[in-house]
There are 2 protein chains.
Amino acid sequence: MGIDDFRLARFLPYRLAVLSERISRRLSTIYGAEAGLSVAEWRVMVHLARCHEVSVREIHECVNLDKSRVSRAVTRLETVGLVQKTGSLTDQRLLSISLTEDGWSLLDRILPPAVAYEKRLLAALSDADCAALDEIMEKLHRVMDDDPEARPRSTLDLPGAAE
Amino acid sequence: MGIDDFRLARFLPYRLAVLSERISRRLSTIYGAEAGLSVAEWRVMVHLARCHEVSVREIHECVNLDKSRVSRAVTRLETVGLVQKTGSLTDQRLLSISLTEDGWSLLDRILPPAVAYEKRLLAALSDADCAALDEIMEKLHRVMDDDPEARPRSTLDLPGAAE
DNA sequence: GTGTTATCGTTGCAGGTGCAACAAAAGTCA
DNA sequence: TGACTTTTGTTGCACCTGCAACGATAACAC
């Protein structure tokens, strides 16, 4: 293939990036409109909804965010009053981060429309499509799992992760 | 569904973002190692390989980059000598951007391994998988095409685009 | 022609981001 | 105990990014 026969629009990494970014951007108009949440802040909040008391490191490992990104997101969420930081009693290094009342109430408002939008996306797919997509994404991940130069996958993104 | 039953790891937008970012990041070690190209610069370069003389706006429309991002990428590529800017003769507003000799020769080196990595990804998928993925991505895009709040799709990312 | 509008590329700005360096705390091992 | 290593969260820095505003040019309406 000649150099100038390469077509970006057919290049899988590009196509995934474009689709993903388009969806993320649309979604952020939902959870961003209400409270100006960034992607990082959104991920931290929904993770806290599930794992009520966690440290920065745990969030970092679970939601695919750099630890400094988590740290700054938590700091900002705290100043806005959506999250509270408490020092752990047993280990002075750890923080115990959790949602405040305001945090829960905000999630009450923004999570349903976000889930509804995902439903809207999924409604365009058949059951077979969904199964195929799961399988395909897992196959692509496994290529990178076997690639020492690729960044490892987060714990919770592995297919069998229960929690 | 209760608020705290929500699982980020199963949320389609999140999963797409994680996969896409993982792949992009790995890929950027290929074209970034040789010349320190950013994603934007990479997209500009490969677009120029195909459409030899184009304006900032054309690039912006074709490769899903904000025009200011294109402008800055082109500026940097020019200072590094990979790209040349010429004012159009017919329309003084337009720029005519093209690869230099160095630009072509860099692409000669980085495009093959990038394509090889895509092949490596695709090798994990069956023909049926590939067809399914095409169809699924197109279906998801169409949901957003029908959504006035979503950002419109780039011309060249439409399925039938010839060039 | 003239005044208005649209297009093109750049830039200022505020904010996000990754990476490495860092201090504090905990763990380890002799 | 005391020296060393590891872990945890924060921060400094350089860079990237999106958005809006801008000046310059072209197109348009009349």
Side-chain angles (χ1 to χ4, degrees), chain A residues 17-18 20-22 24-26 28-29 31-33 35-44 53-80 83-98 150-152 154, chain B residues 17-18 20-22 24-26 28-29 32-33 35-44 53-80 83-98 151-152 154:
Chain A
V18 168
S20 159
E21 198 194 346
R22 196 177 183 207
S24 283
R25 195 163 266 280
R26 173 62 179 92
S28 77
T29 66
Y31 58 68
L37 294 187
S38 71
V39 175
E41 289 154 5
W42 153 261
R43 288 192 192 172
V44 168
E53 298 247 336
V54 287
S55 67
V56 169
R57 182 186 54 79
E58 281 165 348
I59 303 177
H60 150 65
E61 282 175 354
C62 292
V63 303
N64 264 286
L65 293 174
D66 188 90
K67 65 176 180 170
S68 64
R69 220 171 140 186
V70 174
S71 173
R72 287 190 244 250
V74 167
T75 298
R76 183 173 171 280
L77 288 174
E78 191 194 23
T79 69
V80 187
V83 145
Q84 52 200 343
K85 288 199 257 188
T86 318
S88 161
L89 297 175
T90 61
D91 187 334
Q92 304 261 39
R93 295 171 302 180
L94 271 71
L95 286 182
S96 178
I97 301 158
S98 57
R151 161 166 312 200
S154 293
Chain B
V18 168
S20 160
E21 198 193 346
R22 196 177 184 208
S24 283
R25 196 163 266 281
R26 172 63 180 92
S28 77
T29 66
L37 295 187
S38 70
V39 175
E41 288 154 6
W42 153 261
R43 288 192 191 171
V44 168
E53 298 247 335
V54 287
S55 68
V56 169
R57 183 187 54 79
E58 281 164 348
I59 302 176
H60 150 65
E61 281 174 354
C62 292
V63 302
N64 265 285
L65 292 174
D66 187 271
K67 65 177 179 171
S68 65
R69 221 171 139 186
V70 174
S71 172
R72 287 189 242 251
V74 168
T75 299
R76 183 174 171 278
L77 289 174
E78 191 194 23
T79 69
V80 187
V83 145
Q84 53 200 342
K85 287 199 256 187
T86 318
S88 161
L89 298 175
T90 61
D91 187 335
Q92 304 260 40
R93 295 172 301 180
L94 272 68
L95 285 181
S96 178
I97 301 157
S98 56
R151 160 166 313 200
S154 294

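Every heavy atom of this structure was used, including side-chain atoms; hydrogens, water molecules and symmetry mates were not. Proteins get letters first, then strands, A, B, ... in listed order; numbering begins at 1 in each.
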Item to check | Pairs satisfying salt bridge (Lys or Arg N to Asp or Glu O under 4.0 Å), at least one member in residues 53-62 of chain A, at least two apart | outcome: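 Pairs touching residues 53-62 of chain A that pass the test: A:Arg57-A:Glu61.
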How long is the line joining [atom1] of [X] and [atom2] of [N], in whole Å?
X	N	atom1	atom2	result
B:Arg76	D:dT17	CZ	C1'	15 Å
A:Lys85	D:dT10	NZ	P	4 Å
A:Arg72	D:dT11	CZ	P	9 Å

Value rounded to 0.5 Å, distance of [atom1] in [X] from [atom2] in [Y]:
X	Y	atom1	atom2	value
B:Ser154	B:His60	OG	NE2	7.5 Å
B:Leu95	B:Lys85	CG	NZ	6.0 Å
A:Glu21	A:Arg26	CD	CZ	15.0 Å
B:Ile97	B:Ser55	CD1	OG	6.5 Å

Item to check | Contacts of B:Arg22 that satisfy salt bridge (charged side-chain N to carboxylate O under 4.0 Å, His left out) - sequence neighbours left out | outcome: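 B:Arg22 satisfies salt bridge (charged side-chain N to carboxylate O under 4.0 Å, His left out) with A:Asp145 once adjacent residues are dropped.
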Item to check | Partner set under salt bridge (charged side-chain N to carboxylate O under 4.0 Å, His left out) for B:Arg72, not counting sequence neighbours | outcome: none
Next on the checklist: Side chains of B:Thr79 and B:Arg76 only: does a donor on one sit below 3.5 Å from an acceptor on the other?
Outcome noted: no
Checklist entry - Do A:Ser28 and A:Arg25 have side-chain N/O donor and acceptor atoms under 3.5 Å apart? => result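 Side-chain D/A pair, A:Ser28 to A:Arg25: absent.
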Checklist entry - Side-chain contact, heavy-atom cut-off 4.5 Å: A:Arg43 with A:Leu65? => result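 Counting from C-beta outward, A:Arg43 and A:Leu65 do come under 4.5 Å.
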Item to check | Nucleotide range of DNA chain C lying under 4.0 Å from chain A heavy atoms | outcome: C:dT17 to C:dA26
Checklist entry - Does the A:Ser71 side chain pair with the main chain of A:Lys67, one donor and one acceptor, at a distance under 3.5 Å? => result no
Checklist entry - Nearest nucleotide by nearest heavy atom, which residue falls closer to the 5' end of DNA chain D, A:Ser96 or B:Leu89? => result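 Looking at DNA chain D, the more 5' nearest nucleotide goes with A:Ser96.
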Next on the checklist: I want to confirm an ordering. Mapping B:Asp91 and A:Arg69 to their closest nucleotides on DNA chain C, which one lands closer to the 5' end?
Outcome noted: B:Asp91
Next on the checklist: Within the 4.0 Å heavy-atom criterion, would you say A:Arg25 contacts the bases, only the backbone, or no part of the nucleic acid?
Outcome noted: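 Here A:Arg25 touches the backbone only, sparing every base.
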Any protein N or O atoms within reach of nucleotides 20-23 of chain D? Criterion: under 3.5 Å, listing atom names and distances.
none

Checklist entry - Does A:Arg93 have a side-chain nitrogen or oxygen under 4.0 Å from the phosphate oxygens OP1 or OP2 of D:dG9? => result no
Item to check | Members of residues 54-63 of chain A that approach DNA chain C, where some heavy atom sits under 4.0 Å away | outcome: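 Hits under 4.0 Å, by residue number: none.
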